[in-house]
Novice: 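Quick one: the structure is below, and I'll ask about it shortly.
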Protein chains: 2
Amino acid sequence: MRLEAKRGVPGAALYQRIRNDLETKIMSGAWPPGHRVPFEHELMETYSCSRMTVNKVLSTLADAGLVVRRRRAGSFVSRPRVQSAILQIPDLKAEIEKRGERYGYRLLDLQKRNATAQDRIRLGIGGRATVLALRCRHEAEEQPFAIEDRLISVQAVPDVLKQDFSITPPNTWLVGHVPWTEAEHRITACNADNDVAAELGIEPGAACLVIERQTWRNGEPITAVRLIHPGRLYDLIARFTPTA
Amino acid sequence: MRLEAKRGVPGAALYQRIRNDLETKIMSGAWPPGHRVPFEHELMETYSCSRMTVNKVLSTLADAGLVVRRRRAGSFVSRPRVQSAILQIPDLKAEIEKRGERYGYRLLDLQKRNATAQDRIRLGIGGRATVLALRCRHEAEEQPFAIEDRLISVQAVPDVLKQDFSITPPNTWLVGHVPWTEAEHRITACNADNDVAAELGIEPGAACLVIERQTWRNGEPITAVRLIHPGRLYDLIARFTPTA
DNA sequence: TGCGTTTATTTGTCTATACATATTATAGCC
DNA sequence: GGCTATAATATGTATAGACAAATAAACGCA
């Protein structure tokens with residue numbers, strides 16, 4: 001059997017190169033959810049390699065949940081972004097309504113401003129930047145449920161300026177429209193001070209669950225949020241089942 | 001080229017069969033962490049198939065984090081169980097010591113008993129069962145850090161009876177020795193009552209972070225625990241980065 | 001038009017072979 | 001003993017060729 005010259009490629013493994021290429025296309029949004037990935041025989045030509053090699057790439061991408069493969073139809077970028085089974089980022093509005101309760105929302109404050117030193121620390125960005133800062137309250141059955149205190153990087157999410165957050169909670173809009181790749185949650189408990197107690201309609205000193213979350217897309221900060229829930233009213237649930 | 005008769009195996013794909021076999025051996029504990037998985041050429045013989053097939057099995061098991069592969073040495077069942085990037089189950093002792101602080105531990109209560117109705121609810125088991133119930137305190141730099149209130153199913157973890165929990169915290173032992181497949185966390189905040197305040201050395205009414213966790217192995221309940229942390233002293237951090 | 005049948009295409013799995021690469025074990029040397 | 005060069009071995013990557021299974025699309029018929 002004749003061995004091709006292409007065999008001993010110098011740099012990284014060909015398999016890795018192809019995988020990185022495709023993953024970049026998917027993660028960057030160049031190939032949006034639902035987009036059909038080239039067929040195996042097309043990728044064979046593109047990278048001049050054997051079918052087994054591109055098959056392995058696509059199979060592992062499918063394992064990782066980035067694509068869905070269908071015989072005779074092709075491979076497609078999958079719709080539900082990664083975030084399968086971890087500490088999910090909930091859409092509070094949807095959560096409340098799912099429980100059959102009346103959801104209420106009130107925008108308390110909103111400003112677009114040049115990032116202050118503190119803003120830059122919270123978002124973890126270096127130079128100057130424009131941010132949208134907002135504070136709002138979520139209610140379930142008329143009962144205050146959470147105070148949301150959020151910063152959004154305008155550079156990372158330009159569309160945010162076109163949104164009317166007096167009606168749609170930023171939480172809900174972001175969950176539905178802005179994809180992310182990394183998230184970090186910091187969870188702790190504190191006693192409500194007078195201000196928070198007033199806004200949440202609880203006793204000063206009552207225990208509150210504080211969730212601070214930051215999200216990035218490919219390393220670029222998107223948003224940072226602090227959610228304060230009355231301890232009595234909120235349970236955070238994180239369930240993990242591996243190879244679901 | 002001669003085609004072997006073995007080709008068209010009737011049931012599931014051979015690859016799946018082998019993968020299930022190995023996964024069962026690992027998950028059941030028959031192959032404990034550190035155990036050397038048979039070499040590719042041994043598995044070839046066992047299942048009378050080609051090396052590419054067993055190679056694919058082992059490679060995907062490695063991707064899934066179940067085994068670690070080392071050239072010339074072989075493949076080994078990996079120590080840190082699945083739980084790669086989710087809300088991890090921390091070994092409190094190790095966490096404290098990693099921060100360079102002095103760790104202290106005190107067993108407050110331990111009993112082996114037939115499961116009460118309440119025990120069965122907490123663990124989520126039906127019939128009669130024996131459980132180990134224990135309560136202990138973790139300290140960092142002499143300062144109480146957490147109250148751990150735990151139930152362990154003796155049936156699921158028989159070895160638990162041989163352990164001396166007056167020295168080793170159950171948390172630490174379980175994290176290191178008992179593999180799990182599913183976990184659920186329920187996180188909330190509460191005000192310390194007098195008992196808890198006394199045990200944690202904080203003011204009654206101070207906010208506490210309460211973490212309730214339950215774990216299963218292939219659907220069988222292993223343990224249920226409630227951890228109460230002084231809100232002031234504890235941050236739970238969950239970071240998620242997909243294809244690390 | 002509507003429905004069942006055939007066909008073509010794509011992915012899924014498997015084999016046999018080849019060579020690359022990392023690393024452990026061994027043999028040899030000072 | 002301790003160091004280094006060498007050989008042995010297990011995994012890593014890649015190829016070409018086969019056949020299986022699923023199914024979308026084309027076809028044919030009533």
Novice: Go through D:dG12, C:dT11, C:dA16 for me and flag the one nearest to the A:R51 side chain.
Specialist: C:dT11
Novice: Looking at C:dT10, C:dG12, D:dA10, which one has an atom nearest to any side-chain atom of B:R71?
Specialist: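 Nearest to the side-chain atoms of B:R71, counting from C-beta on, is D:dA10.
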Novice: Of the options C:dT15, C:dC14, D:dA16, whose atoms approach the side-chain atoms of A:S50 most closely?
Specialist: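 Of the candidates, D:dA16 comes closest.
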Novice: Between D:dT13 and A:K56, is there an OP1 or OP2 to side-chain N/O distance shorter than 4.0 Å?
Specialist: yes
Novice: Tell me: NE2 of B:H41 to P of C:dA16, nearest whole Å?
Specialist: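 So the NE2-P distance, B:H41 to C:dA16, works out to 17 Å.
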Novice: Given D:dA14, D:dA24, C:dC14, which nucleotide is nearest the side-chain atoms of A:Y15?
Specialist: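 From the listed options, D:dA14 comes nearest.
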Novice: Side chains of A:R150 and A:T223: is there a donor and an acceptor less than 3.5 Å apart?
Specialist: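 Yes, A:T223 and A:R150 have a side-chain donor paired with an acceptor closer than 3.5 Å.
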Novice: What is the nucleic acid contact for B:R70, judged by heavy atoms within less than 4.0 Å: base, sugar-phosphate only, or nothing?
Specialist: sugar-phosphate
Novice: Would you kindly compare A:M44 and B:R69 by the position of their nearest DNA chain D nucleotide and give the one closer to the 5′ end?
Specialist: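 Looking at DNA chain D, the more 5' nearest nucleotide goes with B:R69.
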Novice: What is the minimum heavy-atom distance between B:E141 and B:G100, and which atoms define it?
Specialist: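 Minimum heavy-atom contact is OE2-O, 4.2 Å.
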Novice: Tell me the interatomic distance from B:N55, atom CG, to C:dT15, atom C1', rounded to whole angstroms.
Specialist: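 Going from B:N55 (CG) to C:dT15 (C1'), I get 13 Å.
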Novice: Could you tell me how far apart B:F39 (CZ) and D:dA8 (P) are, to the nearest whole angstrom?
Specialist: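 The answer, rounded to whole Å, is 17 Å.
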Novice: Would you kindly give the CD-to-P distance between A:Q16 and D:dG12, to the nearest whole Å?
Specialist: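 Spelled out: CD on A:Q16 to P on D:dG12 is 12 Å.
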Novice: Rounded to the nearest Å, what distance is computed from the CG atom of residue B:L58 to the C1' atom of nucleotide D:dT13?
Specialist: 15 Å
Novice: Output the single nucleotide from C:dA22, D:dA14, C:dG12 whose closest atom is nearest the side chain of B:R72.
Specialist: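 That would be C:dA22.
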Novice: Rounded to the nearest 0.5 Å, what separates atom OG1 in A:T215 from atom CD in A:E184?
Specialist: 11.0 Å
Novice: Is B:S75 close enough to D:dA10 that one of its side-chain N or O atoms is under 4.0 Å from OP1 or OP2 there?
Specialist: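 No, outside the criterion.
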Novice: Judged by modelled atom types alone, do B:R36 and B:S75 share a side-chain donor-acceptor pair under 3.5 Å?
Specialist: no
Novice: Honestly, is A:K56 close enough over A:Y15, meaning NZ or CZ under 6.0 Å from the six-membered ring centre and within 45° of the axis?
Specialist: yes
Novice: Could you state the atom-to-atom distance from CE of B:M52 to P of C:dA18 in whole Å?
Specialist: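 The distance from CE of B:M52 to P of C:dA18 comes to 15 Å, rounded to the nearest Å.
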Novice: B:L14 CG to C:dT15 C1': how many Å, rounded?
Specialist: 11 Å
Novice: Rounded off to whole Å, could you give me the CZ-to-P distance for the A:F76 and C:dT10 pair?
Specialist: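 So the CZ-P distance, A:F76 to C:dT10, works out to 11 Å.
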Novice: Is the shortest side-chain N/O distance from A:T53 to OP1 or OP2 of D:dT15 below 4.0 Å?
Specialist: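 Yes.
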